[in-house]
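Everything below concerns the one structure shown next.
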Amino acid sequence: MLGLPFARVGGESALRLDVAAGRLHAFGASYAIDEAFVVLAAALLVTFAFLLVTLLFGRVWCGWACPQTVLSELTSARSKPARLALAGAVSAVVSASLVWWFVSPYDFFRRLAAGALGPVVGGSWAALFVVLFLDLTLLRARFCATICPYAKLQGVLFDRSTLAVAYDARRAADCVDCGACVRVCPTGIDIRRGLQIECIACAECADACAPIMARLRRAPDLVGYAWGEPGGKARPLRPAALALGAGTLAAAALLAAVVAARAVLDLSALPEFGFTPRRMPDGRAVNAYSVALENHARAPVTVALALRAPGADVA
């Protein structure tokens with residue numbers, strides 16, 4: 001997330017939305033605003049893939065890759081001043097990185113050094129900083145448990161074979177009720193009560209329980225990952241997974257077809273309504289057209305225009 005805005009392909013950002021120019025730069029290609037169908041196809045692919053991963057592996061995104069979880073862990077500290085300092089530093093860097101998806105970081109730092117960020121760029125950075133700082137100091141994992149819409153989809157997407165963090169109720173006698181799993185849970189739930197919408201599958205509870213079970217010379221997986229429930233088996237070829245897999249492949253094929261069929265040069269020719277067609281004394285017909293050319297590539301191109309009409313003398 002931090003490094004990609006600095007990457008360049010063909011002299012331009014690897015991935016950046018240039019709002020001023022109305023263009024999306026994506027890994028060597030450049031798409032104009034009227035080519036939004038490419039973004040739509042990519043969004044469909046991401047959506048289907050996300051749903052498929054959620055059905056198969058539960059909330060692994062939430063527990064291991066979501067910026068909310070990662071940044072909350074980065075800003076964890078024992079003392080309040082240290083937490084505030086960490087939250088401020090992380091918020092400044094991450095809010096700037098969000099701006100870099102729209103303004104090249106090289107241009108950002110050049111303007112920052114000159115004190116000329118401007119009200120739009122500077123104001124966006126400041127607003128994002130405030131939102132992130134408040135999130136990391138006040139909400140943290142409570143965001144995942146209360147606000148995040150992805151958490152609300154859990155009940156719809158999960159089935160009896162989805163990977164989840166679960167408590168093995170069959171071994172309830174092994175639990176010594178130490179409360180370690182509850183104390184370390186970032187959303188404050190008790191995993192022993194079963195699958196709950198607030199669970200982000202970070203497995204902190206499993207890490208806290210395992211050493212206690214080891215000291216008691218008992219199996220360490222009283223709390224851990226399970227396919228649906230402890231003792232369950234993975235069923236990757238179940239109907240729902242096959243349907244979402246087919247949707248993901250179809251979306252990938254659509255994106256590939258859209259990119260492959262994209263014309264680098266767009267030409268339109270329209271009659272010039274301000275010019276009245278006429279016939280010259282030598283018998284030739286004269287008409288006028290407005291011709292527009294749009295180069296969708298980033299490099300300049302040389303174009304030769306010619307008008308041809310079979311059996312007619314044209315110029």
Side-chain angles (χ1 to χ4, degrees), residues 1-6 15-17 19 43 46-47 49-51 53-54 57-105 108-109 111-112 117-158 164-165 181-191 195-208:
M1 178 180 174
L2 295 176
L4 187 57
F6 289 91
L15 185 62
R16 180 170 63 87
L17 177 61
V19 178
V46 171
T47 300
F50 210 76
L51 294 176
V53 169
T54 302
F57 304 110
R59 295 181 68 175
V60 292
W61 162 261
C62 300
W64 298 92
C66 177
Q68 179 73 24
T69 302
V70 174
L71 297 181
S72 295
E73 292 189 359
L74 284 176
T75 54
S76 297
R78 293 185 178 273
S79 65
K80 185 175 181 180
R83 286 198 302 269
L84 292 175
L86 281 172
V90 169
S91 298
V93 174
V94 174
S95 58
S97 74
L98 295 175
V99 176
W100 299 339
W101 295 99
F102 303 91
V103 177
S104 169
F108 178 90
F109 285 115
R111 293 165 63 178
L112 178 63
L117 279 180
V120 175
V121 176
S124 300
W125 186 20
L128 289 169
F129 170 83
V130 171
V131 171
L132 280 172
F133 183 77
L134 292 176
D135 174 45
L136 294 176
T137 54
L138 300 178
L139 283 178
R140 301 179 68 80
R142 284 191 293 272
F143 174 89
C144 310
T146 59
I147 302 174
C148 180
Y150 180 51
K152 311 305 178 186
L153 292 174
Q154 180 176 260
V156 179
L157 296 174
F158 279 28
V165 177
C181 57
V182 179
R183 289 194 299 271
V184 299
C185 179
T187 58
I189 66 172
D190 188 343
I191 194 64
L195 182 63
Q196 299 159 67
I197 195 172
E198 296 87 356
C199 179
I200 60 173
C202 63
E204 293 282 357
C205 51
D207 291 341

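Keep in mind that what you see is a predicted model, and the values were worked out from it rather than measured.
- In terms of modelled atom types and a separation under 3.5 Å, the side chain of Thr69 and the main chain of Gly63 share no donor-acceptor contact.
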Can you give the donor-acceptor pairs under 3.5 Å from side chains of residues 78-88 to other protein atoms, not counting sequence neighbours?
from	atom 1	to	atom 2	distance (Å)
Ser79	OG	Ala82	N	3.4
Arg83	NH1	Ala77	O	3.1
Arg83	NH1	Arg78	O	3.2

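- Checked against side-chain contact (heavy atoms from CB on, under 4.5 Å), Ala206 has the following partners two or more places apart in sequence or in another chain: Ala203, Val223.
- Listed by chain and number, the residues in a salt bridge (charged side-chain N to carboxylate O under 4.0 Å, His left out) with Arg183 amount to none (sequence neighbours excluded).
- In this structure, the side-chain contact (heavy atoms from CB on, under 4.5 Å) partners of Leu117, at least two apart in sequence or on a different chain, are Phe108, Arg111, Leu112, Val121, Trp125.
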All N/O donor-acceptor pairs, side-chain side in residues 98-105, below 3.5 Å, sequence neighbours left out:
from	atom 1	to	atom 2	distance (Å)
Trp100	NE1	Ala96	O	3.3
Trp101	NE1	Ser97	O	3.3
Ser104	OG	Tyr106	N	3.4

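- Applying the side chain to side chain donor-acceptor pair (under 3.5 Å) definition to pairs two or more places apart or across chains, none involves residues 199-208.
- Residues satisfying the side chain to side chain donor-acceptor pair (under 3.5 Å) test with Thr187, not counting sequence neighbours, are none.
- Using a 4.5 Å heavy-atom cutoff, the side chains of Ile191 and Cys185 are not in contact.
- Once rounded to the nearest 0.5 Å, the distance linking CD1 of Ile189 with CD of Glu198 reads 6.0 Å.
- Residues passing the salt bridge (charged side-chain N to carboxylate O under 4.0 Å, His left out) test with Arg140, sequence neighbours excluded: none.
- Taking SG of Cys205 as the reference point, atom CG of Asp190 lies at 9.5 Å (rounded to 0.5 Å).
- Ala208 meets the side-chain contact (heavy atoms from CB on, under 4.5 Å) test with Ala180, Val184; sequence neighbours excluded.
- Side chains of Cys202 and Pro186 form a contact here, defined as non-hydrogen atoms less than 4.5 Å apart.
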Contacts table for residues 129-138: side-chain donor-acceptor under 3.5 angstrom, sequence neighbours left out:
from	atom 1	to	atom 2	distance (Å)
Asp135	OD1	Gln68	NE2	3.1
Asp135	OD2	Gln68	NE2	3.3
Thr137	OG1	Phe133	O	2.6
Thr137	OG1	Leu134	O	3.4

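- Taking CG of Leu157 as the reference point, atom CZ of Arg59 lies at 10.5 Å (rounded to 0.5 Å).
- Counting only distance, with no hydrogens or angles, the side chain of Ser76 and the backbone of Ser72 share a donor-acceptor pair below 3.5 Å.
- Shown here are the side chain to side chain donor-acceptor pair (under 3.5 Å) partners of Trp64, two or more places apart in sequence or in another chain: Tyr225.
- Residues satisfying the side chain to side chain donor-acceptor pair (under 3.5 Å) criterion with Thr54, sequence neighbours excluded, are Tyr150.
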